[in-house]
Number of protein chains: 2
Amino acid sequence: MHTAITIDALKVLDAIDRKGSFAGAAGELFRVPSAISYTVQKLEEDLNIAIYDRSGHRATLTPAGRYLLEEGRTLLEAAENLAHTTKQVAQGWETRLRIGFNTLLPAECLFPAIRAFYDLGVPVEVQIIEEVFAGSWDALQSRRVDLIVGADQLSKPAGTFTTKALGKMNFVYAVAPDHPLAAATQPLAEEDIARYPAAVAADTSRSLPPGHAGIFRRQPTITVANIDQKIAVQQAGLGVGWLPESRIRSQLREGQLIALDVHDVRQPIMLHLARHAEDQGKALMWFWKTLSQSEELTSWLET
Amino acid sequence: MHTAITIDALKVLDAIDRKGSFAGAAGELFRVPSAISYTVQKLEEDLNIAIYDRSGHRATLTPAGRYLLEEGRTLLEAAENLAHTTKQVAQGWETRLRIGFNTLLPAECLFPAIRAFYDLGVPVEVQIIEEVFAGSWDALQSRRVDLIVGADQLSKPAGTFTTKALGKMNFVYAVAPDHPLAAATQPLAEEDIARYPAAVAADTSRSLPPGHAGIFRRQPTITVANIDQKIAVQQAGLGVGWLPESRIRSQLREGQLIALDVHDVRQPIMLHLARHAEDQGKALMWFWKTLSQSEELTSWLET
DNA sequence: TATGCATGTTCGAATTATCTGAAGTTGTTG
DNA sequence: CAACAACTTCAGATAATTCGAACATGCATA
């Protein structure tokens, strides 16, 4: 049960090639030439192949030896990287960080931070997961995610969490320009609104029954998975409802959606960063600090 | 100058995880438990990290230990594969095989053979290189390629080569349907032809001056890189000339090109496989045998 | 609660692997 | 031809790894 290839043997092959001789490699590795001879011959014996052609004065690599040298360099580098990255993990870098973000915010608000994080070169896999309504807190509490970007204060569960306010998300009541409500008398009354399907994003919380979105009236609804779909559905005139103002700036400007006055106004929501109070991983704390100061993120909110 | 990670240590970590205990791993590796303890502790000391949490009865992996185990498995597999593939190279498989093919043939005639070759699972990198006219033999002689598919007998150079006939390539004189020559009296005379640009594929031989394609008259030419381009240029009505009949079967059938009778007919060319007589690599001989019997290849030729 | 068994560690000694230094062979260069 | 370089062989020295015995601790069962 013996492994033929060892990291040390590959190092020796590499040094021989770079220095041009067994003697040169011996010098670099602080060994004597016969030790180099021994290592090479042991490798040849264990693999049962000839790595060097010794018919000349100077040993030359066989095709198999050349192949082993070149592929072996890849392995050497991987072994060195693994030692390095393992140490980084031991120093507190998580191997994985899952970031949940409220669908009220666009995924791209996280991209600059993620890009900067990858530039650090630490071995952490970053995952981003979109959540709707109470899904954000639920995901954090049940540890489906490690960090929440855009958690509200309404559905915060029991437990010790650390939060930081990011800014307010405003809402507008938006309809497509050719929707009947676009021509109705403003401010819109509840009975006017109730006549048309509401576009509703389905809560991603796993603790609540499906379809529970704070709607108990008999208004018909179109259920979608996230805010992007809600915007699209309302833009297509299939549904009506509240939308985050910053998310539909261009649609409002270009007339693809129309903001209406409503009798019962939906209040802005303060959105937060949130994490478990006891979590202190280096990647988590890095993102906490970076996203606390992210202009890309706050450009979608009112501070 | 000491490498922390060894292949053996990674094997030990793997066995511990699979067997669920140090004792289990010791059994599998035919060692005693204290030898396992020693290996793990040596690795921890060399990396200067804790791989196992020993606060319980049974040692459990730290996050860094888990990371090392999982990434280390990749390295273990790579090392085993390298030993295997190196042995294959030593047994006569080349690390690389360059196949030159005459542009008169389509690249896809080689694909079934290449696919079958990859199914062998041997560590040989296959490259295909297109050649025009004398470029085929030139590439073989100067060892830019190891095998030629579609070598003619006209430009065969000095040297000891092994050849095998594959079949004949027929030629037709083809023009676009709206080209003036399409309405000319047949068989076309030389003076009729000379009035329009000839489409010419540039010889890829490096031993000849550029532009040397057997044309010494003052007929204007459009020079292209290969037969596919020659077909396209002639189909667009920009040039005229001889084309391999099998390569333009569908164009002739659909009327995108028209075959004309010419006074001076171009004779068919016998195409061959060719290699250096002394080359006997396993991959080379595999392709030699396979392509000798390839129906995909001979479907483009007349046998 | 006591007992038996499993798990992992410590430690000195045994065993194995690797390295060293000296002598030797062969090729290359001035 | 002499000097030097390159690599090998071989016995002995050194270093690394494994072993076996004793030990400490946790867990399951009677």
Side-chain angles (χ1 to χ4, degrees), chain A residues 1-62 65-66 68-69 72 76 79 83, chain B residues 1-62 65-66 68-69 72 76 79 83:
Chain A
M1 208 56 238
H2 170 71
T3 302
I5 293 184
T6 65
I7 301 289
D8 186 66
L10 295 178
K11 267 183 171 298
V12 168
L13 292 188
D14 174 63
I16 293 170
D17 188 60
R18 282 192 290 101
K19 290 294 177 175
S21 68
F22 282 32
E28 172 168 309
L29 300 172
F30 303 106
R31 303 181 198 182
V32 294
S34 59
I36 303 299
S37 249
Y38 168 84
T39 301
V40 170
Q41 288 181 17
K42 182 139 192 333
L43 187 55
E44 289 181 309
E45 181 186 318
D46 291 340
L47 283 174
N48 194 23
I49 65 168
I51 293 171
Y52 284 95
D53 175 3
R54 294 172 177 82
S55 49
H57 172 56
R58 214 179 251 276
T60 57
L61 281 165
T62 61
R66 169 64 54 186
L68 178 60
L69 168 68
L76 272 184
Chain B
M1 208 53 235
H2 172 70
T3 303
I5 292 184
T6 64
I7 301 288
D8 186 66
L10 295 178
K11 267 184 170 299
V12 167
L13 292 189
D14 174 63
I16 293 169
D17 189 58
R18 281 191 292 101
K19 290 295 179 176
S21 68
F22 282 33
E28 170 168 308
L29 299 173
F30 303 105
R31 303 181 197 180
V32 292
S34 58
I36 302 298
S37 248
Y38 168 84
T39 302
V40 170
Q41 288 181 18
K42 185 146 190 329
L43 186 56
E44 286 180 312
E45 181 186 317
D46 290 342
L47 283 173
N48 194 22
I49 64 169
I51 293 171
Y52 284 96
D53 174 1
R54 294 171 175 83
S55 48
H57 172 54
R58 216 177 250 274
T60 56
L61 282 165
T62 61
R66 168 66 54 187
L68 177 59
L69 167 68
L76 271 184

Exercise. In sequence, state the C-alpha distance, the side-chain angles, and the governing distance for A/V12 and A/L29, and then conclude on side-chain contact (heavy atoms from CB on, under 4.5 Å).
Key: CA-CA 8 Å; A/V12 168; A/L29 300 172; 3.9 Å; yes

Practice problem: Check the pair A/L68, A/I5 against side-chain contact (heavy atoms from CB on, under 4.5 Å), reporting the backbone distance first and the verdict last. | Solution: CA-CA 10 Å; A/L68 178 60; A/I5 293 184; 3.9 Å; yes

Exercise. Give the intermediate values and the outcome of side-chain contact (heavy atoms from CB on, under 4.5 Å) for residues B/I16 and B/V40.
Key: CA-CA 10 Å; B/I16 293 169; B/V40 170; 3.8 Å; yes

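Taken to the nearest 0.5 Å, the CD atom of A/E28 stands 9.5 Å off from the CD1 atom of A/I36. Here B/L10 contributes atom CG and B/L76 contributes atom CG; the two are 5.0 Å apart, rounded to the nearest 0.5 Å.
For the residue pair B/D53 / B/S55, a side-chain donor-acceptor distance below 3.5 Å is found, with atom types taken as modelled.
Atom pair B/K42:NZ and D/dT18:P shows a separation of 11 Å (rounding to whole Å applied). Spacing between atom CD of B/E44 and atom P of C/dG8 amounts to 13 Å, rounded to whole angstrom units. The nearest whole Å value for the distance from the CG atom in A/D53 to the P atom in D/dA6 is 18 Å. Between B/I16 atom CD1 and C/dT7 atom C1' the separation is 12 Å, expressed in whole Å. In this structure, CG of B/L13 is placed 13 Å from P of C/dG8, rounded to the nearest angstrom. In this entry the distance linking CZ of B/R54 with C1' of D/dA24 reads 15 Å, nearest Å. The CG atom of A/D46 sits 13 Å away from the C1' atom of C/dT18 (whole-angstrom rounding).
No donor-acceptor pair closer than 3.5 Å links the side chain of A/T62 to the backbone N or O of A/Y52.
The strand DNA chain C forms stems, runs of 3 or more Watson-Crick or G-U wobble pairs with distances below 3.5 Å, at C:1-30 with D:1-30.
A 4.5 Å side-chain heavy-atom check between B/Q41 and B/E44 finds at least one atom pair inside the cut-off. For the pair B/R66/B/D17, a side-chain contact is recorded, criterion being any heavy-atom separation below 4.5 Å from C-beta on.
For A/Q41, no side-chain nitrogen or oxygen approaches OP1 or OP2 of D/dC7 to under 4.0 Å.
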Practice problem: Sugar-phosphate means primed atoms, P, OP1 and OP2; the rest is base. With that split, encode nucleotides 19-30 of chain C 5' to 3' as B, S or - using protein heavy atoms under 4.0 Å. | Solution: SBB----BB---

